Amino acid sequence: MDSARILIADDDKKTRDFVAAFLSYKGYQVYQAADGQDALEKIELNDVQMVITDIMMPRVNGLEFIKKLKAMRPDIVTIAYSAFANFEMTANLLKAGAFFYLEKPFNLEELETHVKRGLEHQALQRRSFKSKPCIKNRSLLNNIIGESDRMLSLFEMIEKVATSDSTVLIQGESGTGKELVARAIHDLSNRATKNFVPVNCAAIPDDLLESELFGHVKGSFTGAVATRIGRFEMADRGTLFLDEIGDMKPNLQVKLLRVLQNKELEPVGAARTKKVDVRIIAATNQNLEHLVASKIFREDLYYRLSVIPITLPSLRERRTDIPLLLNSFLEKFNKSKQRRVQAFDKNTLDVLCNFDWPGNVRELENLVERLVILKGSGTITFHDLPEKYRGIKSAIKSEQLTLPDSGFCLNSAVENFENQLILQALEKTGGNKKEAATLLNLKRTTLIEKLKKKKLVFNDASLSGS
Ligand SMILES: Nc1ncnc2c1ncn2[C@@H]1O[C@H](COP(=O)(O)OP(=O)(O)OP(=O)(O)O)[C@@H](O)[C@H]1O
Ligand SMILES: [Mg+2]
């Protein structure tokens, strides 16, 4: 028996009870809401997977509801129904992210077929964490946001390497979460109760880095007024995070290599060595292999550090995570800044999904913080975005395309462009696929194929001349 959780939103209690009774009988767990507003509140409280909604409802109507829902929880599959919808409404619903539209009156068996298809579609789209038995410590990885395939593989990797004690080298562009991943590895390791000690090799002046790492004895150099232990010792039985390792100078690279090989260090000015038990995680946003090839970084140290190499994807390589990141940060900053911003509208989400994010998650997080503070409440629209982020949209809209300085993703821009033109052709022709295909200079079958591939699933009954 299937126990997927479905919410039904309809102001007409009779219809709602009828659909609810049928789906409960079929084994689904059913929740009910009397309008869009009520539905949004219930979704916050319950872990709903699918929504079936009427369009004509008081307070927040079906279309508004779907727009808000998609911004808040893009993973929830939505089926809409109405007795009154025309083609324009149908196109708007699908544009807003509805999975399917049904015309009233509908047959309950027909509804169930679409429910099953919607749930299958969802399962395919989000290979959920629960279906991955190897990810046991989901809660410890919770602060790393992502559900794209790249991130799911990363979570598996973090789990596997955490308990191994091997040296890890994390590479990735700035702002991709290298420090976050290093902390997660430490938190999941057997060393979690001991210190995680970060050292930014680029931020500490060269002449101080050695004593910072290994400590020094009193009087060993001008300014060494007292004996001090170094970060290695602070991390004893814990983890030392050597950030920006690519910036470490060659003389220190030799000393670090020695500590890694011998597991003992020599504080500056000390006569004796000290044993340490430290796990090293190193990170860099430079290409260490290039630094090795150009003899800036020692090859032997590179191999010592990269026992387990982890490369973090840039945000451009995991665009499907962008809505999730935007909404999670929206929630976070609403709480911490005491604001009540509800959502990003669909258009804004599209624009931000097409942006290339040179500063990766850090840049996205900073943008959301700024938007939440300035907006305060309501929905964030395209016009709330700083100029830089609006550039892409204008480029797509204008006839003469200009490549923004930050560049953009050709594939998703082309896809977006194509979707808009197809929807416009269908709107212009009242949904007649043959005429729409002629307008687009395509064969009718090619257009139908495209619609299927894009999952622009239309209820054939709502489209004439299909
Ligand atoms: N997957 C993610 N989920 C949630 N927050 C993230 C994620 N990735 C990065 N962040 C956030 O983005 C910011 C930058 O992350 P972090 O400092 O780990 O990046 P980094 O790769 O070390 O960058 P840099 O190379 O510039 O030091 C932090 O505020 C971090 O919390
Ligand atoms: Mg960092």
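Atom set for the values below is all heavy atoms of this structure, side chains included, hydrogens, waters and symmetry mates excluded. Both ligands and their constituent atoms are indexed starting at 1 by order of listing. The shown structure was predicted, so the numbers you read here are calculated from the model rather than taken from an experiment. Nothing fancy with the numbering, it's 1 onward along the sequence.
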Part of Asn285 with heavy atoms under 4.0 Å of ligand 1, whether side chain, backbone, both or neither: side chain
message: Is a donor from one side chain sitting under 3.5 angstrom from an acceptor on the other, for Asp321 and Ser148?
response: yes
- line: When distances are taken from atom 10 (N) of ligand 1, the protein heavy atom at minimum range is Val361 CG1, 3.4 Å
Result block: side-chain N/O donor-acceptor pairs under 3.5 angstrom for residues 254-264, not counting sequence neighbours:
| residue | atom | partner | partner atom | Å |
| --- | --- | --- | --- | --- |
| Lys255 | NZ | Glu210 | OE1 | 3.0 |
| Lys255 | NZ | Glu210 | OE2 | 3.0 |
| Glu264 | OE1 | Lys275 | NZ | 3.4 |

message: Could you tell me, atom by atom, which parts of ligand 1 come under 4.0 Å of a heavy atom of Phe329?
response: 4 (C), 5 (N)
field: Atoms of ligand 1 close to Ile144 [distance to a heavy atom under 4.0 angstrom, numbered from 1]
entry: 1 (N), 3 (N)
- request: Determine, stepwise, if the pair Tyr389 / Phe355 fulfils ring-ring contact (aromatic ring centres under 6.0 Å, His included).
  value: CA-CA 7 Å; Tyr389 299 90; Phe355 189 67; 4.6 Å; yes
- prompt: Does Met151, backbone or side chain, put an N or O under 3.5 Å from an N or O of ligand 1?
  reply: no
query: Measuring from Lys67:NZ to Leu69:CG, what's the distance to the nearest 0.5 Å?
result: 13.5 Å
message: Run the salt bridge (Lys or Arg N to Asp or Glu O under 4.0 Å) test on Asp277 and Arg191 for me, step by step, so that the C-alpha distance in whole Å, both residues' side-chain angles and the decisive distance to 0.1 Å come before the verdict.
response: CA-CA 10 Å; Asp277 166 19; Arg191 298 170 174 265; 2.6 Å; yes
- prompt: For atom 23 (O) of ligand 1, what's the nearest protein heavy atom and its distance?
  reply: Gly175 N, 2.8 Å
message: Please determine whether side chain to side chain contact (heavy atoms under 4.5 Å, CB included) holds for the pair Lys42 and Val48, giving the CA-CA distance in whole Å, both sets of side-chain angles, and the decisive distance to 0.1 Å.
response: CA-CA 9 Å; Lys42 294 218 161 100; Val48 170; over 6 Å; no
task: Just need the protein heavy atom nearest to atom 26 (O) of ligand 1, so name the residue and atom and give the distance.
output: Ser174 OG, 2.5 Å
Sub-4.0 Å heavy-atom approach of Asn143 to ligand 1: yes
Check against salt bridge (Lys or Arg N to Asp or Glu O under 4.0 Å), Glu120 and Lys116: CA-CA 6 Å; Glu120 271 164 23; Lys116 282 188 177 153; over 6 Å; no
- request: Measure the acute angle between the ring planes of His114 and Phe100, then classify it against the limits of 30° and 60° as parallel, tilted or perpendicular.
  value: parallel
field: Protein contact to atom 17 (O) of ligand 1 [nearest heavy atom, distance to 0.1 Å]
entry: Arg362 NH2, 3.3 Å
- prompt: How many angstroms lie between CG in Leu40 and CZ in Arg73, if you round to the nearest 0.5 Å?
  reply: 11.5 Å
task: Pick one of side chain, backbone, both or neither for how Lys332 approaches ligand 1, counting any non-hydrogen atom pair under 4.0 Å.
output: neither
message: Heavy-atom contact check, 4.0 Å cutoff: does Glu369 meet ligand 1?
response: no
- prompt: Please state which protein non-hydrogen atom is closest to atom 2 (C) of ligand 1 and give its distance, to 0.1 Å?
  reply: Ile145 N, 3.5 Å
query: Under 3.5 Å, is there a donor-acceptor pair linking the side chains of Glu156 and Ser153?
result: no
query: Looking at atom 25 (O) of ligand 1, what's its closest protein heavy atom, distance included?
result: Lys178 NZ, 2.6 Å
query: Within less than 4.0 angstrom of ligand 1, does Gly146 place any heavy atom?
result: no
task: For atom 13 (C) of ligand 1, grab the closest protein heavy atom and report residue, atom and distance to one decimal in Å.
output: Glu365 OE1, 3.7 Å
field: Distance-only N or O hit between ligand 1 and Leu325, under 3.5 Å
entry: no
message: Using the rule side-chain contact (heavy atoms from CB on, under 4.5 Å), only one of Leu367, Val368, Asn360 pairs with Leu364; which is it?
response: Val368
Identity and distance of the protein heavy atom lying nearest atom 19 (O) of ligand 1: Gly177 N, 3.2 Å
- request: Can you label the angle between the His216 ring and the Phe221 ring as parallel, tilted or perpendicular, going by 30° and 60°?
  value: perpendicular
task: Check Phe241 against ligand 1 and report side chain, backbone, both or neither, counting heavy atoms closer than 4.0 Å.
output: neither
message: Using a 4.0 Å cut-off to any heavy atom of Arg318, which atoms of ligand 1 qualify?
response: 1 (N)
